[in-house]
Amino acid sequence: MSLRVYNTLSGEKETFVPQVPGKAGMYVCGVTVYDYCHIGHARANVVFDIIYRYLRYAGYDVTYVRNYTDIDDKIINRANQEGVDYRVITERFIRAFDEDMERLGLAKPTVEPKATEHIDGIIAIIERLIAKGHAYESDGDVYFAVETFPEYLKLSKRNLEEMQAGARVEVGDRKRNPMDFALWKGSKPGEPWWEAPWGKGRPGWHIECSAMSMRFLGETFDIHGGGKDLVFPHHENEIAQSEAANGCRFVRYWLHNGFVNINAEKMSKSLGNFFTIREVLERFDPETLRFFILSAHYRSPIDFSDQNLDEARAGLERIYACLAAIDAVLAGTAVTGELPTGFSPASAGHELKEKAELFKDRFRDAMDDDFNSAQALGAVFETVRVANRFLAEAREMDASARALLARVRELIAEVGGVLGLFGSSPKAWLDGINAAGAGRMDISPEEIERLIVERNEARKARDFRRGDEIRDMLLEKGIQLLDSAQGTTWKAK
RNA sequence: GGCGGCGUAGCCAAGUGGUAAGGCAGAGGUCUGCAAAACCUUUAUUCAGCGGUUCAAAUCCGCUCGCCGCCUCCA
């Protein structure tokens, strides 16, 4: 089966056929660096991270461009508020963005250009647009004339007349048509500026993405991504500028991710109901957040809540617990990696072997279907269930049993590499979750260990009253004891 | 008002023509001194409602109801 992607432009799933066989060019609108990123940014970036990883996994040579928009009204406003140069702001939030993405385990894009490094390219496009009659200068500003581009609004499927009717009239407008948008803005005193044929100024929003994508991916490229909210006006305007300037198709496949909701309402800056990535990571492990994001299809809305994050953590914990159990069996033994034969048809070994053989196909089928990570995770869970059963059933772990488990372990690591999950040492991850949980309790891990020893001594002496007393006391503090043949461990509830 | 999307079990969530993945929570069982954890079994004759097309519909079409998004900065 081949990769199919949902193209916003056509409104349908299409078979992905790259412009150049074996290669894929992908541009994703990055952030405007004037504030800390919220979990909506986390979602967009995680989603396109797995799209990038999966394209590579599927064998494409991918050029992935993700920009920083480092000049913009909001940046200037913030700089003015703080009384600092705009670059102080952009440098601070570029660093913050990089830290956040690193913690979320994102792969580095091929290029991460900044708008301010491409002013020449921006000016060149604007000059071409003016020369072709698609743009006009007006009192130091330059605007794109939407009426000169008949296909305007083809992405968002709107109607120009109706939008004009509803457009807001701006005071002292320099536009010929209220729907025209700025390519270049003349600078006011005290604002950052660059020299241009129309005087000192700075680029408008939208034009930087046209310039940077063209620079690194060419006039036509395969995939352009971003959040749903960028469809209009940002991407619509990018199409107008780029196609009017170059006279050819701009993007082949438009991909847009759905929103993060809070209590079923869109999370946004203007509503003030947003959480920054940093705030969330104070309470939840980064991989849990990533797992939560990937547990739904990228185009669906997801509802962010403590309960949903707790459920995601429980699910991820189940997978890691299984991996830890496999690792414990495999510890210190060399395995061949060959799939063994000889499991009787009714046994868990036979079933697990079957799951292992079909696993990669199921994963690829899911991801080929418009990057359906939720379905892919379903396949992982099924494998985990059967592996757990195998671990519980098997009397002794002979060479073929270990080889089978090693194969399962390898497969989960392989798809984990594509999803950016399961990359931690299972034991370390589980310990980390415990430690984080225990950090919120008023009891130290040492104290817990001491009480476990005391309880086990009491139990050995068949003093179950004392033993249960300790167990109940710890449970009250949120510490769950786990008894097994190997001894007693604990976890934070 | 215009355009677009969504409505699947108590909750989260796949499934877009062939007879409902998976997770969480719940119930019963195995294990246990009793528990917890783990494992096993189980939990939607049915996909918001009504009508239509079809041998066959959660999936396609129409209508109704409900929710949401974009139309203004936004991932």
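By convention in this document, chain letters (A, B, ...) are assigned in the order of the sequence lines, proteins followed by strands, and residues within each chain are numbered from 1.
- Residue A:Arg389 places its side chain closer to B:C40 than to any other of B:C34, B:C71, B:C40.
- Annotation: B:U42 and B:A20 have their P atoms spaced 15 Å apart (nearest Å).
- Considering only side-chain atoms of A:Arg471, the nucleotide from B:G15, B:A35, B:G23 that sits closest is B:A35.
- Other residues, nucleotides and ligands place more than 12 heavy atoms under 6.0 Å from the NZ atom of A:Lys157.
- Counting to the nearest Å, the P atom of B:G69 and the CG atom of A:Asn261 are 7 Å from each other.
- The base of B:G23 lies close enough to the side chain of A:Glu311 for a donor and an acceptor atom to sit less than 3.5 Å apart.
- Note: CZ (A:Arg299) to P (B:C68) measures 21 Å, nearest angstrom.
- For B:G22 and B:C40, the P atoms lie 12 Å apart once the distance is rounded to whole Å.
- Along RNA chain B, the nucleotide nearest to A:Arg459 and the one nearest to A:Ser295 differ in position, and the one closer to the 5' end is contacted by A:Ser295.
- The distance between atom NZ of A:Lys228 and atom C1' of B:U72, rounded to the nearest whole Å, is 19 Å.
- At a threshold of 4.0 angstrom between heavy atoms, the contacts of A:Gly258 include nucleobase atoms, whether or not backbone atoms are also involved.
- Counting to the nearest Å, the C1' atom of B:A75 and the CG atom of A:Asp100 are 14 Å from each other.
- With distances taken from any side-chain atom of A:Ser300 to the nucleotides B:A14, B:C73, B:A75, the minimum falls on B:A14.
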Does the pair A:Tyr253 and A:Tyr6 meet the rule for a ring-ring contact (aromatic ring centres under 6.0 Å, His included), with working shown? CA-CA 8 Å; A:Tyr253 304 94; A:Tyr6 181 87; over 10 Å; no

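- In this structure, the side chain of A:Tyr320 engages the main chain of A:Ser424 through a donor-acceptor pair within 3.5 Å.
- Closest to the side chain of A:Gln375, from the set B:C12, B:G15, B:C73, is B:G15.
- Counting non-hydrogen atoms under 4.0 angstrom, A:Asp468 reaches a base of the nucleic acid.
- Distances from the side chain of A:Ala296 to the nucleotides B:G33, B:A14, B:C74 place B:A14 closest.
- For the C1' atoms, the distance from B:U59 to B:G15 is 9 Å, rounded to whole Å.
- The P atoms of B:G26 and B:G66 are separated by 35 Å, rounded to the nearest whole Å.
- A:Leu481 comes within contact range of at least one nucleobase, with a heavy-atom separation under 4.0 Å.
- Of the N and O atoms on the side chains of A:Asp370 and A:Tyr298, at least one donor lies less than 3.5 Å from an acceptor on the other residue.
- Classified by interplanar angle (parallel below 30°, tilted 30° to 60°, perpendicular above 60°), the ring pair A:Tyr54/A:Phe371 is perpendicular.
- The one candidate from A:Arg409, A:Lys360, A:Arg364, A:Arg53 that meets the salt bridge (charged side-chain N to carboxylate O under 4.0 Å, His left out) condition with A:Glu414 is A:Lys360.
- Residue A:Val260 places its side chain closer to B:A75 than to any other of B:A75, B:G33, B:C73.
- Regarding A:Asn237, its CG atom lies at a distance of 13 Å from the C1' atom of B:U72, rounded to whole Å.
- For A:Lys74, counting side-chain heavy atoms from C-beta on, the closest listed nucleotide (B:C73, B:G23, B:A75) is B:C73.
- A distance of about 13 Å separates the P atoms of B:G10 and B:C47, rounded to the whole Å.
- Residue A:Arg66 places no side-chain N or O under 4.0 Å from the OP1 or OP2 atom of B:A75.
- A side-chain N or O of A:Ser242 and one of A:Ser210 form a donor-acceptor pair less than 3.5 Å apart.
- Between the C1' atoms of B:C74 and B:A36, the separation comes to 47 Å (whole Å).
- Rounded to a whole angstrom, the distance from the C1' atom of B:A44 to that of B:A14 is 15 Å.
- In this entry the distance linking OH of A:Tyr34 with C1' of B:A75 reads 11 Å, nearest Å.
- Atom CG of A:Leu294 and atom P of B:A21 are 23 Å apart (whole Å).
- A distance-only check finds a donor-acceptor pair linking the side chain of A:Glu287 to the backbone of A:Phe422 [under 3.5 Å].
- Note: CZ (A:Arg462) to C1' (B:C34) measures 11 Å, nearest angstrom.
- Remark: A:Asn257 is not in phosphate contact with B:A75, judged by side-chain N or O atoms under 4.0 Å from OP1 or OP2.
- Listed by first residue number, the stems of RNA chain B with at least three Watson-Crick or G-U pairs below 3.5 Å are B:1-7 with B:65-71, B:10-12 with B:22-24, B:26-30 with B:38-42, B:48-52 with B:60-64.
- In this structure, the nucleotide among B:C34, B:A37, B:A13 sitting nearest to the side chain of A:Ala374 is B:A13.
- Checking A:Val384 against A:Phe291, the closest nucleotide of RNA chain B that is more toward the 5' end is the one next to A:Phe291.
- Remark: ring of A:Phe464 stacked against base of B:G33; centroid gap under 5.5 Å, plane tilt under 30°.
- Taking the six-membered ring where tryptophan is involved, the planes of A:Tyr64 and A:Tyr52 are tilted, since the angle between them lies from 30° to 60°.
- Nearest to the side chain of A:Asp483, among B:A36, B:A21, B:C24, sits B:A36.
- A close approach under 4.0 Å does occur between a side-chain nitrogen or oxygen of A:Trp205 and OP1 or OP2 of B:C74.
- A distance of about 15 Å separates the C1' atoms of B:G7 and B:U16, rounded to the whole Å.
- Remark: A:Lys266 is in phosphate contact with B:C70, judged by side-chain N or O atoms under 4.0 Å from OP1 or OP2.
- Paired with A:Tyr68 under the rule ring-ring contact (aromatic ring centres under 6.0 Å, His included), one option of A:Tyr34, A:Phe97, A:Phe93 passes, and it is A:Phe97.
- In this structure, of B:C70, B:G22, B:A36, it is B:C70 that holds the atom nearest to the side chain of A:Phe232.
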